[in-house]
Each structure stands twice: as structure tokens, then as C-alpha cells.
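Below, read A as the first sequence line, B as the second, and so on, with proteins coming before strands; counting in each chain starts at 1.
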Amino acid sequence: MSQPWLRNRNHLFVLCNLRTDGRKASEIRRMRFQMGVVDRVAGSALVEMGLTAVLATVTGPTECIRRTDELHDRAVLQVHFAAAPFCTADRRHVPTNDRRFLEAARLVQRALEASIFLHLYPRSLIQIHITILSEDGGRLCAAINAASCAVVHAGLAVKDIVCACAAGGVDPVMVDLNRREEMDNINMACAMLPQRGTIVLSQCEARLPSREALDRVLETAMDGCRAVFAVMEAAIRENATLQWSSKRGKAIVALSETNVV
Amino acid sequence: MSSNLRLRYEIDSFVVPGDRLGSFFKTTLPGPGTSARKGHLYASTAGRLSLQQQEQQSLITVTPPQEQDFASRRVILVGQIVLAKVDRVSWTQAHVSIFATETGGTLQYPTEAIVRREDIGSTVPVTHTTNTNSNNNNNKTSWQVIEAVRPGDWIVARVLSLGDTQRYMLTLAEPQLGVWYALSAKSGTVMQPKSWNTMVCPETGIEESRKCAKPRS
């Protein structure tokens with residue numbers, strides 16, 4: 001191993017073929033879902049994948065802010081992506097119209113548009129606000145997971161729960177990369193409708209060495225999505241049960257589980 | 001009917017979106033909260049699975065928890081009856097905020113609408129009016145807006161059109177539409193409708209002019 005930080009501390013991990021945080025290549029990080037964390041909106045969800053924490057809120061369906069934006073036969077889905085200044089180790093204020101955030105917002109929008117039955121809400125506006133609270137790799141995937149949970153919590157009709165996970169690295173192909181691993185390896189984010197098996201998003205910014213590498217990375221990412229789905233589905237089911245049984249209404253559910261692919 | 005109904009989840013169990021509920025036939029149809037694809041029923045919201053019996057068919061529905069009614073019902077459609085509160089009144093129109101629709105329940109956020117003076121109806125007694133949209137009323141037989149509705153009243157109206165970029169357009173020109181709840185100007189108590197054009201305060205006996213909605217029997 002040529003990286004000095006590996007040589008110092010993690011030789012045991014290297015010997016056991018584990019990653020720097022002690023995970024196996026096929027293991028996703030600990031996930032935690034909380035739904036109903038924000039009061040006045042239609043739906044909200046706080047998703048933690050390892051140390052990455054993302055909050056998503058869904059407002060709508062409401063009247064479009066500008067009537068000229070509305071579509072006569074379906075809803076307009078707007079996604080706003082923002083990061084809190086304390087999300088990384090050094091506190092930094094990031095403007096809202098940062099280009100990376102605009103791109104991320106557009107990707108989340110397209111992933112969710114593939115799932116929400118927009119034609120049921122004509123001439124309406126559905127707004128999703130995503131805030132990164134803590135960043136440790138996989139923020140696009142955590143954002144999609146949070147938005148998906150919030151959309152289900154809001155009661156919008158969806159085809160399936162959108163799940164997202166990232167995969168990367170050439171040999172071995174790792175799933176759910178943290179920040180350190182993202183910097184060193186190729187990283188492909190993938191979102192799918194797990195029960196239908198359809199991919200709604202796949203994004204990769206690096207060059208893959210071969211066609212087979214693409215297949216492997218995509219396949220690993222899809223396995224990661226299915227593992228995420230297992231946790232997300234249990235959280236949604238528990239939240240629905242709690243909401244029905246609680247008298248006051250919105251219940252907050254925290255579910256933490258570790259999942260192995 | 002229950003013999004050919006085979007659901008993969010029990011009735012009253014909780015399902016999540018994407019769960020395949022079973023197949024649907026001519027007699028069991030997808031209802032609110034479900035979607036159909038290639039002959040199979042899938043849940044589209046998280047909630048409780050239930051079966052609604054209608055005359056010849058049964059509907060499979062997934063009901064979300066109570067305080068979130070079906071989001072699709074929150075859309076305002078033309079021709080719907082809505083419940084609105086009067087915000088302000090001018091010579092030509094009344095500005096109202098729509099709070100609820102008949103089929104959908106309460107909206108999450110109230111939306112603006114107007115009722116034009118011509119759409120309030122005619123002051124000729126209701127039994128003589130046959131055409132509610134007639135434009136051949138001269139000024140004498142159409143309501144003055146301030147005598148028909150007042151700020152703070154709750155009205156039942158029908159959506160005429162989606163209107164322009166800022167507001168819907170409503171009409172009150174039917175017997176069952178009009179002011180439904182109003183407080184007396186002097187005493188502040190809830191007034192009772194006395195006739196199609198008058199409301200009376202039960203405490204003071206003072207009558208005020210309103211275009212009253214016909215009470216539902």
C-alpha cells in the first residue's frame with residue numbers, strides 16, 4: 001500500500017481485506033431513518049448513511065407560485081438542494097446557486113419524477129427541499145433516499161420507493177463509499193426502483209477502465225440499493241403503523257440497522 | 001365475490017408503496033392509493049389496505065393515516081363545490097380564500113379566488129330564475145356585492161374557471177350556493193338564514209342582507 005495513512009493505522013484492516021472504516025467491500029454503512037421531523041410541511045425525512053446526514057422536506061401539492069409555470073396535465077416537481085455551512089470539517093458558507101447543487105437538484109428531480117404519479121396532481125407544484133447536514137460521502141444518494149422517504153411520508157402516490165446507493169473502486173468493487181474512498185476511487189451513484197428493478201439514475205464522473213468494470217460497478221450499486229431498500233421499507237412500514245395508532249398524528253420513527261449486502 | 005379475490009396482504013395490514021397486492025379482475029378494481037400494471041395491483045401510498053364494497057364491484061384501497069388525506073384530492077377542479085372565506089369586498093367583485101373542496105376536504109394552503117358581481121346571481125326571487133348564467137339581467141336585478149357577502153363570511157361556491165394567473169373564479173348563482181356562516185355586525189353572534197336574501201341575528205333580531213345558501217335537508 002502506498003498511501004501513508006493506511007500504513008500507519010490500518011494494517012489489520014488491510015490484512016483482513018477490510019476498508020478503512022472496518023467494513024467489507026459489500027457492506028453498506030449504518031442507516032437511520034426518521035420521518036416526520038419537520039412539523040408544518042406535508043412530508044419530511046432525516047436520513048443518515050454512516051456520518052452523512054440529509055434532511056428532506058416535501059411541500060405540496062400546492063398552487064404554482066407563478067401560474068405560468070404550471071402544467072395542465074401534471075404536477076411540476078421542484079427540488080432545492082442546499083448544504084448547511086457546518087456540514088464539512090471546515091465551516092464554509094456555500095451559496096444556494098452553486099453549480100454542483102443545481103446539478104444535484106436536477107438529478108434528484110429526475111430520479112423522483114420517474115416514480116411519483118405526477119399526472120394525479122395537475123396544475124400543482126410539489127417542492128422538495130434538501131439540506132445536507134453532515135457530509136461524509138454519498139450525499140447525492142443520501143439526498144435521493146431522504147427525498148424518497150419524505151415523498152412517501154407526504155402521502156404522494158408513487159410507483160415504488162426510490163432507493164439510491166453508490167459503488168466504486170475497481171478491484172474490489174466497494175459499495176457505499178465514504179468521503180475518503182470517494183476521493184481516491186471512481187464513484188458511481190445509482191438510484192433504482194427496487195421492486196421493479198428499474199434504474200432511474202446512474203451517474204459517474206470518472207473513467208471506467210472497461211465495459212466489464214461498468215457492469216460490475218453497476219451491479220454492485222444495484223445490490224447496495226436493494227440493501228438500502230430493505231432498511232427503508234421497514235422504516236416506512238413502522239412509521240405508517242405508528243401514525244395510524246398514535247392519536248395526535250405525526251410520529252417520529254428512528255430505526256437504525258446495519259445491513260450487509 | 002370473495003372467492004376470486006386473493007390478496008397477498010391481509011386486509012387492514014400496512015403496506016408500503018410498490019408492494020404487489022395481487023391481481024385485479026372485473027369485480028375487484030384498483031381504488032385510491034393503488035395503481036395497476038400488467039394485471040397486477042400495486043400500492044402507491046403507505047397505509048392500511050382496505051376493501052370497499054360497492055354495488056357490483058369492490059375497490060381495493062390503501063388509506064394513508066387520517067390526518068393526511070389523499071393528496072390528489074387537494075387539487076381544485078372546475079365545477080367543484082368549494083368552501084371559501086370572504087377576505088375583502090369591492091364594488092365589482094368579492095375576494096375570497098378557498099379553504100376546502102367538497103370531495104377533497106381541507107386544502108393544505110388556502111388559495112385565492114374571486115366572485116364577480118355578475119356571478120352572484122340575480123335579485124329576482126330564486127323560483128323565477130331558470131338560467132343561472134343568463135347575462136340579460138340589468139343592473140337593477142343583480143346583487144350589490146356588499147349586500148350579498150361581507151368580509152368574514154364563509155361561502156359555499158362553485159368553481160367557474162381556473163381564472164387568470166392569480167386567482168380562481170367562483171360563482172354563487174345557484175340556489176344552494178351562497179353565504180353559509182356569517183356573524184352579526186352588531187352582536188357578533190352566528191346569524192340564521194331567514195330567507196334567500198336575508199339573515200337574522202337570533203340575539204338582537206337585526207336582519208342583514210346576504211345571498212344565503214339553501215340549507216341542506
Side-chain angles (χ1 to χ4, degrees), chain A residues 35-36 40-43 58-64 66-70 72 75 115-117 119-124 126 148-149 151-163 193-196 229 232-251, chain B residues 8-9 12-21 30-38 40-50 61-78 97-98 104-105 107-113 159 161-168:
Chain A
M35 294 166 69
R40 301 243 176 147
V41 291
V58 172
T59 311
T62 57
E63 295 284 322
C64 279
R66 289 181 302 185
R67 274 276 191 103
T68 44
D69 286 345
E70 73 181 23
H72 70 281
S115 173
I116 305 177
F117 283 118
H119 68 271
L120 290 179
Y121 317 108
R123 300 183 329 271
S124 314
I126 300 170
S148 177
C149 255
V151 157
V152 172
H153 184 249
L156 296 174
V158 289
K159 292 174 196 159
D160 198 355
I161 309 172
V162 183
C163 298
L193 303 178
Q195 293 174 87
R196 289 199 185 186
F229 172 69
M232 204 189 288
E233 182 198 12
I236 291 174
R237 212 179 283 273
E238 192 174 331
N239 179 263
T241 320
L242 269 180
Q243 271 187 285
W244 267 98
S245 56
S246 91
K247 287 174 202 165
R248 286 200 57 215
K250 297 199 176 179
Chain B
R8 296 176 71 236
Y9 294 86
D12 280 345
S13 64
F14 290 97
V15 293
V16 297
D19 279 348
R20 187 166 68 86
L21 304 174
T34 60
S35 65
R37 184 170 173 256
K38 295 183 182 174
H40 292 279
L41 269 178
Y42 296 87
S44 52
T45 48
R48 191 178 260 180
L49 184 64
S50 62
T61 63
V62 177
T63 323
Q66 285 215 318
E67 36 106 31
Q68 300 163 6
D69 51 338
F70 288 109
S72 59
R73 294 203 201 140
R74 296 186 205 143
V75 178
I76 299 176
L77 301 169
V78 177
S97 298
I98 303 178
L107 298 179
Q108 241 186 342
Y109 309 92
T111 49
E112 289 190 26
V159 180
S161 84
L162 304 175
D164 58 10
T165 56
Q166 284 157 27
R167 46 189 84 92
Y168 288 92

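Atom CD1 of residue Ile236(A) and atom OG1 of residue Thr45(B) lie 11.5 Å apart, to the nearest 0.5 angstrom.
Between the side chain of Ser44(B) and the backbone N or O of Ala157(A), no donor-acceptor pair lies under 3.5 Å. A donor-acceptor contact shorter than 3.5 Å is absent between the side chain of Arg123(A) and the backbone of Leu77(B).
The greatest number of non-hydrogen atom pairs below 4.5 Å with chain A, out of Ala43(B), Ser13(B), Gly18(B), is found for Gly18(B). Chain B forms more heavy-atom pairs under 4.5 Å with one residue of Lys159(A), Glu233(A), Arg196(A) than with any other, namely Arg196(A).
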Quick one, Asp160(A) with Arg37(B), criterion salt bridge (charged side-chain N to carboxylate O under 4.0 Å, His left out). Give me CA distance, side-chain angles, the key distance, then yes/no.
CA-CA 12 Å; Asp160(A) 198 355; Arg37(B) 184 170 173 256; over 6 Å; no
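Of the two parts of Arg48(B), the backbone and the side chain both hold a non-hydrogen atom closer than 4.5 Å to a non-hydrogen atom of chain A. For Phe14(B), the parts lying under 4.5 angstrom from a heavy atom of chain A are both the backbone and the side chain.
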